[in-house]
A.B. asks: 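I'd like to ask some things about the structure below.
This chain uses plain numbering: 1 for the first residue, then up along the sequence.
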Amino acid sequence: MAQIFSVHPQNPQPRLIAQAADLLRNGGLLAIPTDSGYAVVARLDDKSAADDLRRLRGLTDKHHLTLLCRDLAEIGHLAKVDNSQYRLLKAATPGPWTFILEASREVPRRVSHPSRKTIGIRVPSHTAALALLESAQTPLISASLIPQGETDALTEAEEIEARYSHQLAGIIDAGVCPSLPTTVIDMSGATPVIGRLGQGDPATLGLAV
């Protein structure tokens with residue numbers, strides 16, 4: 001049964017966040033709130049947990065997993081970023097954006113896209129998600145918690161508990177999340193390409209749709 005951590009949405013209790021991070025260190029999956037619905041997460045260095053995450057979501061190895069990062073410095077370790085890409089990332093993070101970037105050697109091959117060698121990366125703006133990242137002291141592999149056969153990520157902890165309690169080690173409950181997905185920007189080529197329109201407005205970054 002999943003352990004429920006009910007935290008304050010703006011000031012999550014450090015003790016509860018640390019307990020949730022311990023579940024990740026022990027190989028568990030967590031459902032956590034983000035600025036674009038709930039996500040299921042695992043530690044980047046945990047191969048079996050990453051496999052469990054894919055099974056829970058019904059994903060193949062060709063699906064872009066997303067790495068949740070604490071800040072731009074962490075992104076710089078995981079992706080190859082030039083100066084123009086860095087400026088765009090700086091303007092957009094933290095926030096409801098996912099960037100497709102060329103993965104660095106720090107990213108295990110099992111996590112990056114098998115043919116393109118790319119990875120999705122983002123810095124969420126949700127306080128509880130950032131607190132967990134800080135406590136875990138590592139990037140987290142993530143995927144939106146979208147039930148198989150559905151199109152929208154779950155937004156309430158109670159529904160997640162009802163559906164996934166036996167597949168998750170824990171659920172961080174910080175209230176209802178926004179239901180709009182992130183905007184995806186593919187920066188693995190010569191110029192940025194909008195892969196999906198979501199919460200983030202590309203015009204704020206000087207990008208045309």
A.B. asks: For H126 versus A174, what's the shortest heavy-atom pair and its separation?
C.D. replies: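 Where H126 meets A174 most closely, the heavy atoms are CE1-CB, 3.9 Å.
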A.B. asks: Would you confirm whether D35, through its side chain, and P124, through its main-chain N or O, come within 3.5 Å as a donor-acceptor pair?
C.D. replies: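 Not confirmed, D35 side chain does not pair with P124 backbone.
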A.B. asks: Are any of the side-chain heavy atoms of Q85 and P192 separated by less than 4.5 Å?
C.D. replies: no
A.B. asks: Check Q13 against H8 and note the closest heavy-atom contact, atom names and distance.
C.D. replies: OE1-N, 3.0 Å
A.B. asks: Can you name the nearest heavy-atom pair linking L133 to T138, along with the distance?
C.D. replies: CD2-O, 3.8 Å
A.B. asks: Please report the C-alpha distance between I4 and E161 in whole Å, then the side-chain angles of each, then the deciding distance to 0.1 Å, and finally whether the side-chain contact (heavy atoms from CB on, under 4.5 Å) criterion is met.
C.D. replies: CA-CA 8 Å; I4 309 300; E161 182 181 10; 3.9 Å; yes
A.B. asks: For a quick test of reading the model, state the closest non-hydrogen atom pair linking G200 to T183 and the distance between them.
C.D. replies: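 Distance-wise, the nearest heavy atoms are O-OG1, 2.6 Å.
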A.B. asks: Please walk me through it: do L154 and I146 pass side-chain contact (heavy atoms from CB on, under 4.5 Å)?
C.D. replies: CA-CA 6 Å; L154 299 178; I146 303 172; over 6 Å; no
A.B. asks: List, by chain and then residue number, the residues other than I100 in its hydrophobic cluster (Ile/Leu/Val/Met/Phe/Trp/Tyr, side-chain heavy atoms under 4.5 Å); write none if there are no others.
C.D. replies: V184
A.B. asks: Do the non-hydrogen side-chain atoms of P181 and R196 ever get within less than 4.5 Å of each other?
C.D. replies: yes
A.B. asks: Answer whether the closest heavy-atom distance between the side chains of Q167 and R55 falls below 4.5 Å.
C.D. replies: no
A.B. asks: Kindly write out the residues that satisfy salt bridge (Lys or Arg N to Asp or Glu O under 4.0 Å) with R163, not counting sequence neighbours, or none if the list is empty.
C.D. replies: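 R163: salt bridge (Lys or Arg N to Asp or Glu O under 4.0 Å) contacts with E150, E159.
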A.B. asks: Contact between E74 and I121 at the side-chain level, heavy atoms closer than 4.5 Å - yes or no?
C.D. replies: no
A.B. asks: Can you check side-chain contact (heavy atoms from CB on, under 4.5 Å) on L132 and L140, steps first, answer last?
C.D. replies: CA-CA 9 Å; L132 179 66; L140 299 177; 3.9 Å; yes
A.B. asks: Given side-chain contact (heavy atoms from CB on, under 4.5 Å), test L78 with I75 step by step and report yes or no.
C.D. replies: CA-CA 5 Å; L78 301 170; I75 289 178; 6.0 Å; no
A.B. asks: Would a 4.5 Å heavy-atom cut-off, applied to side chains only, mark R57 and V40 as touching?
C.D. replies: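 Heavy-atom side-chain distance check passes, below 4.5 Å.
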A.B. asks: For a 4.5 angstrom cut-off between non-hydrogen side-chain atoms, does L67 reach S142?
C.D. replies: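 The answer is no; the side chains never approach within 4.5 Å.
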A.B. asks: Would you indicate whether the side-chain heavy atoms of D152 and P147 approach each other to under 4.5 Å?
C.D. replies: no
A.B. asks: Is any side-chain heavy atom of L89 closer than 4.5 Å to one of V123?
C.D. replies: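 Not in contact.
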